[in-house]
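Written below as structure tokens is the structure these notes are about.
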There are 2 protein chains.
Amino acid sequence: MIRPTLRQLEYLIALEEEKSFSAAADICNVTQSTLSAGIKELENILEQNLVTRGRRKVTLTAFGVETTYHARNILHETDKITARAHQIKAPLTGPLRLGVIPTIAPYFLPQILPSLQEQFPALELQLHEDLSDRIVKKIEQGALDLLLMAFPFETPNMSQMFLFEEPFYLACPKGQEPRKTTLSTGDLDIESLLLLEDGHCLRDHAIAACGLQQPSMRKAYSATSLQTLVQMVNNGFGTTLLPEMATQEQNLPKNISVLSFNEPKPTRQIGLVWRKNSPRSTEFETLGRAMVNA
Amino acid sequence: MIRPTLRQLEYLIALEEEKSFSAAADICNVTQSTLSAGIKELENILEQNLVTRGRRKVTLTAFGVETTYHARNILHETDKITARAHQIKAPLTGPLRLGVIPTIAPYFLPQILPSLQEQFPALELQLHEDLSDRIVKKIEQGALDLLLMAFPFETPNMSQMFLFEEPFYLACPKGQEPRKTTLSTGDLDIESLLLLEDGHCLRDHAIAACGLQQPSMRKAYSATSLQTLVQMVNNGFGTTLLPEMATQEQNLPKNISVLSFNEPKPTRQIGLVWRKNSPRSTEFETLGRAMVNA
DNA sequence: CAATTGCTATCGATTTTTTCGATAGTATGT
DNA sequence: ACATACTATCGAAAAAATCGATAGCAATTG
């Protein structure tokens, strides 16, 4: 479909403002002949008269006036695109699509978001919460810009930035604490240990950190979220391993004891991931430092 | 200021839909190289990346997605202009700026507008009520398309279409009717005759139709509208001449008698005026016939 | 009433932009 | 390693936008 040109709409607007081809041409920084031809071309496209060529002064037709109104809108809209583009040119401003795994998002983000918003008020974080492999796939496709996740995790062609190491704690129902005074990973009762369902990296990290065997048939005890897991422990169904950020009082029910391990403590690593050769790498590093210090 | 092109925005939209340069190029009926260059040019203008060139699939950046949304809007708006232009190509559709004089508008228009709207439902009448010389000036400038007014009136370079002849009636307070059984224009009492202020053609037409001398000092009795005039007569300030369309019962107060003249009755002519060589002449003639028959 | 002024329309030449076709380059999958 | 399926890039060709000059036309001036 043949469409008017933005240029032609500019010409029309100038003509409406100046009521004169020559004056309008000056405004548009073109010669009068150019503008004249432009308006004529526009009339041809629309198959409709836009101006009544009086000898003395040029006047727009009713349709011409109507069209000028729309034209102004359209130009204004396109200018908004450019303005927006320039506005977000500064580092850590504009939209940033951040993927976060479910065992980090609800605990860590509330801690850091206020500080980030304060430091980077023009940053528009779009949060996407999903499992590690899913957000990795999305960042590979380019549907996400940055990931906040737990290592170790294979992320080919990506830059990983280590942020901090996070210890695991043992969560068990009150009164069922192990009698030992010191707790080491070897003392865990595999039978009563509840874990997240497959796909959550927390499950794999916990198992690896504690040197456990891959439990074979635990489906009956697998949960879909840490919150669910905590509730199960709270009701005496068993024990579980919680990352430190999930152990804050306000997140836990009354009937749970949280016990820390002896050295060497089991841990997971938290960090950022972005596409190697992303033009925003330095921005992401800045953001990472801000997250650690938040 | 440098601006994106509508073409480039099209390219971006197609790219967003297809997630592939080649496929998008097909949609836009250009070669892949053209579309590739177009997107790059757009990115240069905006100084901002729009797509992340993955090997597998192309994905838009956050800003790219945001921009696509605006782009769709903009294209839609421009298409509305063209659509509107084509829509009003049929005769007697679309906007029509009609100038009407104050001694016609409030009486005649209510009679005919319903019928016109029924016959030409897509006609968008924009009414402008003003004195004859003002609306003539405006139609000369091209700010109006058509005039509904009273003749005789000088309208150089205009086409006049006669619609109908309208007799004048004498309006006087009840009980002050002339004693004569037959009323002729010669019997008018000039001293008690109230007229509209200068500028209203009705004043001139009434004077001419009745063969009166130009009254010299009547300012004290001049009114700004026929309605005012009627109220003055109603309150016994004198008599006046009313065109037939202003004599319908619902327009007149209780205390007024309306008397018709003997032949030859004084009259004014009602008609249409448009710019000679207006491309819409035949439309206007159709509209004129519809006004007479309404 | 002829000359001048102040407009817009139009034409051919020129410059600029757009588009194409071909090809290079680069991951992916067989 | 080879074929495949992409995008980027380059020079040539086609299309367009623009310019400068000029014609034409009405209003105004001398």
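Residue numbering restarts at 1 for every chain, and letters A, B, ... go by the order of the sequence lines.
Between the CG atom of B:Asp26 and the P atom of C:dG21 there is a distance of 12 Å, given to the nearest Å. Rounded to whole angstrom, the span from the CD atom of A:Glu41 across to the C1' atom of C:dA9 amounts to 15 Å. With rounding to whole Å, B:Leu50 atom CG is found 16 Å from D:dT7 atom C1'. As a whole-Å value, the separation of A:Asn49 CG from C:dT8 P is 16 Å. Between the C1' atom of D:dC6 and the CD atom of B:Gln32 lies a distance of 8 Å, rounded to the nearest Å. Rounded to whole angstrom, the span from the CZ atom of B:Phe21 across to the C1' atom of D:dT9 amounts to 13 Å. The separation between A:Leu42 atom CG and D:dA16 atom C1' is 16 Å, rounded to whole Å. Atoms CG (A:Leu15) and P (C:dC7) sit 13 Å apart, rounded to a whole Å.
The side chain of A:Val30 lies closest to D:dC19, out of D:dC19, D:dA17, C:dT19. Considering only the side chain of A:Ser22, C:dT8 comes nearest among C:dT19, D:dA8, C:dT8.
For A:Tyr11, the ring-ring contact (aromatic ring centres under 6.0 Å, His included) criterion is met by no residue, not counting sequence neighbours.
Classification of B:Arg275 and B:Glu140 as a salt-bridged pair fails, no side-chain N sitting under 4.0 Å from a carboxylate O. Classification of B:Glu41 and B:Arg7 as a salt-bridged pair fails, no side-chain N sitting under 4.0 Å from a carboxylate O. By the 4.0 Å N-to-carboxylate-O rule, A:Glu77 lies close enough to A:Lys80 to be salt-bridged with it. A salt bridge between B:Glu165 and B:Arg268 is absent, with no side-chain N of the basic residue lying under 4.0 Å from a carboxylate O of the acidic one. Salt bridge annotation for B:Lys40-B:Glu43: absent, with no cationic side-chain nitrogen under 4.0 angstrom from a carboxylate oxygen.
Contact annotation: A:Arg7 side-chain N/O to D:dT18 OP1/OP2 distance is under 4.0 Å. Phosphate proximity of D:dT18 to A:Thr34: absent, as no side-chain N or O sits under 4.0 Å from OP1 or OP2. Phosphate proximity of C:dT18 to B:Tyr11: absent, as no side-chain N or O sits under 4.0 Å from OP1 or OP2. Contact check, B:Lys19 against D:dC6: no side-chain N or O comes under 4.0 Å of OP1 or OP2.
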What pairs of nitrogen or oxygen atoms, one from the protein and one from nucleotides 10-15 of chain D, lie under 3.5 Å apart?
none

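When each of B:Ala37 and A:Asn157 is assigned the nucleotide of DNA chain C with its nearest heavy atom, B:Ala37 is the one assigned upstream, toward the 5' end. Map B:Ser36 and A:Thr5 each onto its nearest nucleotide of DNA chain D; the residue landing nearer the 5' end is B:Ser36.
Each salt bridge (Lys or Arg N to Asp or Glu O under 4.0 Å) pair with one or both residues in residues 83-95 of chain B, not counting sequence neighbours, appears once here: A:Glu47-B:Lys89, A:Glu66-B:Arg84, B:Arg84-B:Glu124.
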